[in-house]
Protein chains: 2
Amino acid sequence: MPKLGMEPIRRAALVKATIAQIGETGSLDVTVAQIAKRAGMSSALAHHYFGGKEQIFLAAMRHTMTVYGAEVRGALLMAPDPESRLQAIIRAGFGPANFRPEVIAAWLNFYVLARTNKDAARLLSIYHARLRSNLLFNLRPLVGPRAREAAERLAGLIDGLYLREGLSADARDGKSAVALVLQSLDLELAGQGAT
Amino acid sequence: MPKLGMEPIRRAALVKATIAQIGETGSLDVTVAQIAKRAGMSSALAHHYFGGKEQIFLAAMRHTMTVYGAEVRGALLMAPDPESRLQAIIRAGFGPANFRPEVIAAWLNFYVLARTNKDAARLLSIYHARLRSNLLFNLRPLVGPRAREAAERLAGLIDGLYLREGLSADARDGKSAVALVLQSLDLELAGQGAT
DNA sequence: TTCTTTATTGACTCGTCAATCAACAATAAA
DNA sequence: TTTATTGTTGATTGACGAGTCAATAAAGAA
């Protein structure tokens with residue numbers, strides 16, 4: 001069997017298995033052995049290709065974020081104006097790439113890891129910055145100077161609802177969360193100097 | 001030393017030590033031995049009084065939530081009208097009882113635990129319900145039928161900003177988060193039928 | 001063919017940690 | 001004093017899991 005060029009295949013399989021395993025056990029206590037078994041190889045091989053558990057997990061999150069980023073970019077291409085781009089960003093956050101139970105569990109895990117692992121923290125801050133700047137860029141022409149705070153709020157709301165939905169045992173589809181954020185966007189766009 | 005009536009003292013000490021230890025290590029990998037040592041006793045005694053690690057941690061979270069609840073109730077007493085009560089609820093979420101780094105770390109830990117532990121899930125849903133109903137009750141007279149969604153949004157925003165602040169390494173004071181949520185509240189109260 | 005490189009694993013090491021237990025100490029009850 | 005009852009711990013057990021390593025196998029290079 002040992003053909004050459006197995007490395008990318010194995011890595012991809014491990015990344016996929018990592019997300020799947022986290023989703024299945026519903027917790028962070030996934031062992032390298034479990035992941036490797038699910039990916040059809042020995043745990044030794046997983047270590048061989050990735051070096052360690054955290055690096056396996058980081059690769060999985062990097063992949064998740066890449067897919068998510070692609071989804072956002074794709075949606076943005078379709079949207080002609082700032083407002084519909086904002087709606088697209090919001091929808092993408094709760095879109096199929098991000099809102100599957102396994103992925104939500106992975107994000108939770110990732111939050112925890114980011115408190116101790118430098119690389120995870122960097123990766124997380126990249127996600128935060130990207131979301132914020134995407135929102136900011138499209139809010140600016142609509143609400144001008146209030147854009148910064150509005151972006152902060154919308155980003156917080158997206159993360160918060162994502163978390164709440166993810167933590168409620170019964171897996172929901174995210175439709176209601178999207179609706180809530182979209183209404184919030186309307187409020188931001190409409191309100192110019194309340195109270 | 002063995003005077004009678006040690007139990008409540010020991011329990012309290014362990015609860016306090018648990019939060020402190022989580023805050024110090026900045027992660028979830030707190031061992032019973034660490035907690036017990038910090039509380040000035042052997043790990044065997046910790047098991048003796050609590051039965052297990054998860055129960056120690058649950059007791060700590062119950063305590064945290066009790067203190068938080070008291071803070072909210074206290075603030076509500078001072079507030080004469082629904083709007084100021086809403087402001088009080090928002091402020092309390094980022095108040096001193098809740099927003100210390102140790103407590104934030106504990107909450108993160110708790111989120112994770114809630115995915116596998118039944119009791120933790122129940123406790124978390126109690127928190128969720130309480131926040132939602134506190135907001136709802138005071139929003140109803142101000143925005144009528146839109147109260148439900150507004151409460152959902154504000155709750156999500158509070159949790160989301162709490163999470164974001166908690167994850168950013170540099171401990172902030174929550175002032176800006178409070179300001180953001182308060183502005184959101186203004187938007188909710190002002191906006192009646194946007195777009 | 002022989003050598004080197006890549007792929008692959010089973011078995012093993014080493015640590016950690018939750019949980020248990022046997023034993024001891026001190027106080028209160030008899 | 002004897003006898004519970006409560007408090008307390010050091011030592012130990014048992015399990016689990018990350019990471020290592022020696023050994024094997026295939027395939028290409030020489």
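Below, chain A is the first sequence line, B the second, and so on; all start at residue 1.
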Q | Results of side chain to side chain contact (heavy atoms under 4.5 Å, CB included) for A/I9 - residues two or more places apart only | A | A/M6
**Q.** Terminal axis angle for the helix from C/dT1-D/dA30 to C/dA30-D/dT1, five pairs an end, nearest 10 degrees
**A.** 20°
Q.
Applying ring pair (Phe, Tyr, Trp, His ring centres under 6.0 Å) as the test, list every pair that has at least one member in residues 118-147 of chain B; sequence neighbours left out.
A. B/W107-B/Y127
**Q.** Options D/dG7, C/dT8, C/dA18, nucleotide nearest the side-chain atoms of A/M6
**A.** C/dT8
Q. Heavy atom of residues 40-47 of chain A under 4.0 Å from DNA chain C: which residues?
A. A/M41, A/S42, A/A44, A/L45
Q.
For B/E149, give me all partners under side chain to side chain donor-acceptor pair (under 3.5 Å), at least two apart in sequence or on another chain.
A. none
Q) Got a sec, which residues hit side chain to side chain donor-acceptor pair (under 3.5 Å) with A/N134, two or more places apart in sequence or on another chain? A) none
Q: Kindly write out the residues that satisfy side chain to side chain contact (heavy atoms under 4.5 Å, CB included) with A/Q21, not counting sequence neighbours, or none if the list is empty.
A: A/T25, A/V30, A/Q34, A/I35, A/R38
Q: To the nearest Å, give me how far apart NE2 (B/H48) and P (C/dA18) are.
A: 19 Å
Q) Whole-Å distance between C/dT8 P and A/K37 NZ? A) 19 Å
Q) Tell me the ring pair (Phe, Tyr, Trp, His ring centres under 6.0 Å) pairs involving residues 26-57 of chain B, sequence neighbours left out? A) none
Q.
So, using side chain to side chain donor-acceptor pair (under 3.5 Å) as the criterion, who are the partners of B/E152 when residues are at least two apart?
A. B/R132
Q. Reckon A/R10 has a side-chain N or O less than 4.0 Å from the OP1 or OP2 of C/dT8?
A. yes
Q. Would you say the side-chain atoms of A/R85 pair up with the backbone N or O of A/A79, donor to acceptor, closer than 3.5 Å?
A. yes
Q: Calculate the interatomic distance between B/D29 atom CG and C/dG15 atom P; express it in whole Å.
A: 18 Å
Q: Any chance you could measure B/L157, atom CG, to A/L154, atom CG, to the nearest 0.5 Å?
A: 9.0 Å
Q | Value in whole Å for how far the P atom of D/dA18 lies from CG of A/L14 | A | 13 Å
Q. What residues in residues 49-63 of chain B put a non-hydrogen atom under 4.0 Å from any atom of DNA chain D?
A. B/Y49
(Q) Could you tell me how far apart B/I35 (CD1) and C/dT16 (C1') are, to the nearest whole angstrom? (A) 15 Å
**Q.** Spacing of CG belonging to B/L14 relative to CE belonging to B/M41, to within rounding of 0.5 Å
**A.** 3.5 Å
**Q.** Donor-acceptor pair, side chain of B/D159 and main chain of A/G160, under 3.5 angstrom
**A.** no
(Q) Rounded at 0.5 Å granularity, tell me how far CD in B/Q183 sits from CG in A/L187. (A) 13.5 Å
Q) With sequence neighbours left out, which residue pairs that include part of residues 76-106 of chain A fulfil the ring pair (Phe, Tyr, Trp, His ring centres under 6.0 Å) condition? A) A/F94-A/F99, A/F99-A/Y162
Q) Near DNA chain C, under 4.0 Å by heavy atom, which residues of residues 108-119 of chain A? A) none
